[in-house]
Amino acid sequence: MNNSSETICGISTPIGRGAISIIRISGKDTIRIVEKIFTPREKLKKATGNSIVHGWIRNTETKKKLDEVLLFIFKSPSSYTGEDMAEISAHGGIFIPKKIIQLLVDSGARIAEKGEFTRRRFLNGKMSLLEAEALLNVIEAKTEKSLFIAEENLKGKLDKEIEKIKNGFLEIKTLIEAELDFGESDILLFDTRELMRKIKNLKSKLKNMAESYKKGKILVEGFKLAIVGKPNAGKSSLFNAILKEDRAIVTETPGTTRDLLEGTVDIGGYPVILHDMAGIRPSESKAERIGIDRALKMVKQSDGVLFLMDASKTISKADRKIFEIITEKPFILVVNKSDLKNKIKKIPFTGKPVRVSAKKNSGIGKLNTAIIELIERTFPDNTEEGAICTTERQKERINQAISCLNNGLSIIKEGKDLELLAFDIDEAIVSLKKLTGEITVEDILDNIFSKFCIGK
């Protein structure tokens, strides 16, 4: 990351055809730089607090008007970044926004790096690291449930839960330090059982929070659902029917699908990532065998499976073999081609089948309901009960704190020196401070903020 004392600029809206384009500037020289390219109806230096000024962007060399704009002035610290900041609301398109950026750079600003505006907001104490991650989740939310979790964390729900737990650690540390400072006999000033109860209670809260990552990951990244079956069972037709669009090529020739196809759909508020893949069977074709290998690999990586069978054909050895492959995953039995004569009299596999006709688009609603039930059975819905962590980083920091508490409990049980217990409690507090960003590590910040766009 470049020098944070520099003034930065970036386009905050997508480049391309559109009514409005917003260009952001932030840093101590914001007003001075903007004055070089902007002719207002009143002088910018007279602007007090946050204000809106109408005017024109001019070419610094020719002095010709480039565009008529609105300029929003945000004075430090009452701005997004906490610094002096400006936003130019110009006409959209490609040429005008890029030209304004060039004029700003020529006047002393530099182009912002990815996420640098939000990074400065964090460094200036206007948001926590957890809120920064939540903001990214808001931007990338795929469904209403995804957005709900992200907005709750952006409002500080996870921060507040962590702060409560951290305060609990501080209470325990105070008890230990009191004993170390004033305990002059073999009699402890506190009840050991009560101390263990407090630590176990905090550990339980952290453990629930770490467990919530399973659900958080699904809501943020999506539930990976593989459509598995023999060739010509109707996998691609079902893929298209669930997505409600023609994404996969459908023919009557077995083995048409060889590459992995992916599509994301909102099912009951859950982002579901569907994978259509090659039918699983013995094959002499090298290309098809590669597709089958990829399909088997994707099954292992999936969160769940739709096991598709063809109602117009009897259960075969291939079906039985596929069932053996998928039983380690949560699955739904799906009988396709229900519009044809049913030749499956009895299904020899565990589970209640869902009958559909992908071609006629019937039974898809029942299948979607079964998919929702599968997700909620696999990852119980606790979004209303407490804060949910949504990143691997968050889970790791929480688990580090849990590990410190486990060490602390062992120390109490074995009657070891209380100074060792105090050290473990301190380490647990450090882990939580790293979680919220009170203690920062540069490469972690780089990793988080590089996921944002340049104008954010």
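- Under the 4.5 Å side-chain criterion, counting only non-hydrogen atoms from C-beta, Leu225 is in contact with Leu374.
- Residues Gly82 and Ser79 share a closest heavy-atom pair of N-OG, 2.9 Å.
- Side-chain contact, Asp266 with Thr143: no donor N or O sits under 3.5 Å from an acceptor N or O.
- In this structure, Val335 and Val354 have side chains that are not in contact, with every pair of non-hydrogen atoms separated by 4.5 Å or more.
- Looking only at atom types and distance, the side chain of Tyr270 has a donor-acceptor partner in the side chain of Glu376 under 3.5 Å away.
- Qualifying salt bridge (charged side-chain N to carboxylate O under 4.0 Å, His left out) partners for Asp319, counting only residues two or more places apart in sequence or in other chains: Lys230.
- Salt bridge present: Arg120 and Glu116 bring a charged side-chain N and a carboxylate O closer than 4.0 Å.
- Side-chain N/O atoms of Tyr80 and Thr118 include a donor and acceptor closer than 3.5 Å.
- Applying the side-chain hydrogen bond (donor to acceptor under 3.5 Å, both in side chains) test to Glu373 and every residue at least two apart in sequence or in another chain returns nothing.
- Between Glu35 and Arg32, no side-chain nitrogen of the basic residue sits less than 4.0 Å from a carboxylate oxygen of the acidic one, so the salt-bridge criterion is not met.
- Between Phe323 and Phe349, the distance separating the two ring centers is shorter than 6.0 angstrom.
- Applying the side-chain hydrogen bond (donor to acceptor under 3.5 Å, both in side chains) rule to Thr13 yields the partners Ser21; only residues at least two apart in sequence or on another chain are considered.
- Side-chain N or O atoms of Thr436 include none that pairs as donor or acceptor with a backbone N or O of Ser128 at under 3.5 Å.
- No side-chain N or O of Ser76 forms a donor-acceptor pair with one of Glu83 less than 3.5 Å apart.
- For the residue pair Ile227 and Lys235, the shortest heavy atom distance occurs at O-CD, 3.6 Å.
- Ile332 is not listed as a side-chain neighbour of Val305, based on a closest heavy-atom distance of 4.5 Å or more.
- Within the 4.5 Å cutoff, the side chain of Leu135 has heavy atoms near those of the Phe452 side chain.
- Residues Leu409 and Lys200 are in side-chain contact: their nearest non-hydrogen atoms beyond the backbone lie under 4.5 Å apart.
- Applying the 6.0 Å contact sphere to NZ of Lys126 captures more than 12 heavy atoms from other residues, nucleotides or ligands.
- In plain terms, the two heavy atoms of Ile322 and Gly229 that are nearest each other are CD1-C, 3.6 Å.
- With hydrogens and angles disregarded, a donor-acceptor distance shorter than 3.5 Å links the side chain of Asn153 to the backbone of Ile388.
- Here Phe423 pairs with nothing under the ring-ring contact (aromatic ring centres under 6.0 Å, His included) rule; sequence neighbours left out.
- Paired with Ile57 under the rule side-chain contact (heavy atoms from CB on, under 4.5 Å), one option of Ile96, Val34, Ile88, Leu104 passes, and it is Ile88.
- Within 6.0 Å of the CD atom in Gln301, the count of heavy atoms belonging to other residues, nucleotides or ligands exceeds 12.
- For Thr390, the side-chain hydrogen bond (donor to acceptor under 3.5 Å, both in side chains) partners at least two apart in sequence or on another chain are Asn137.
- Residues passing the side-chain hydrogen bond (donor to acceptor under 3.5 Å, both in side chains) test with Ser431: none are found, sequence neighbours excluded.
- Formation of a donor-acceptor pair under 3.5 Å by the Asn124 side chain with backbone atoms of Thr81 is found in this model.
- Shown here are the side chain to side chain contact (heavy atoms under 4.5 Å, CB included) partners of Ile94, two or more places apart in sequence or in another chain: Ile15, Lys98.
- For Thr30 and Thr7, the side-chain atoms include no donor-acceptor pair closer than 3.5 Å.
- A pairwise comparison of heavy atoms in Ile454 and Gly10 identifies CG2-CA, 4.4 Å as the closest pair.
- In this structure the side chain of Phe239 reaches within 4.5 angstrom of the side chain of Leu261, judged on heavy atoms.
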N/O donor-acceptor pairs under 3.5 Å from side chains in residues 164-172, not counting sequence neighbours:
| from | atom 1 | to | atom 2 | distance (Å) |
| --- | --- | --- | --- | --- |
| Lys166 | NZ | Glu163 | OE1 | 3.3 |
| Lys166 | NZ | Glu438 | OE1 | 3.0 |
| Lys166 | NZ | Glu438 | OE2 | 2.4 |
| Asn167 | ND2 | Glu163 | O | 3.3 |

Hey, can you pull the donor-acceptor pairs under 3.5 Å for the side chains in residues 401-408, sequence neighbours left out?
| from | atom 1 | to | atom 2 | distance (Å) |
| --- | --- | --- | --- | --- |
| Asn406 | OD1 | Lys203 | NZ | 2.7 |

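- Contact check on Lys36 versus Asp29 returns no salt bridge, with no Lys/Arg side-chain nitrogen under 4.0 Å from an Asp/Glu carboxylate oxygen.
- No donor-acceptor pair closer than 3.5 Å links the side chain of Glu161 to the backbone N or O of Leu158.
- Taken to the nearest 0.5 Å, the CG atom of Leu175 stands 6.5 Å off from the NZ atom of Lys198.
- Between the side chain of Ser302 and the backbone N or O of Val299, at least one donor-acceptor pair lies under 3.5 Å.
- Scanning for ring-ring contact (aromatic ring centres under 6.0 Å, His included) contacts around Tyr213 gives an empty result, with sequence neighbours left out.
- Residues Asp67 and Ala90 share a closest heavy-atom pair of OD2-CB, 3.3 Å.
- Take Leu420 and apply the side chain to side chain contact (heavy atoms under 4.5 Å, CB included) test, not counting sequence neighbours, and it matches Ile411, Lys416, Asp417.
- Contact annotation: the side chain of Glu151 approaches that of Val138 to within less than 4.5 Å [non-hydrogen atoms, C-beta and beyond].
- Between Ile375 and Asp303 the shortest side-chain heavy-atom distance does not fall below 4.5 Å.
- Here salt bridge (Lys or Arg N to Asp or Glu O under 4.0 Å) pairs that include residues 387-412, with residues two or more places apart or in two chains, are Glu133-Arg393, Glu392-Lys395.
- Within a 6.0 Å sphere centred on NZ of Lys329, other residues, nucleotides and ligands contribute more than 12 heavy atoms.
- Using modelled atom types, one finds no donor on one side chain facing an acceptor on the other under 3.5 Å when comparing His91 with Glu68.
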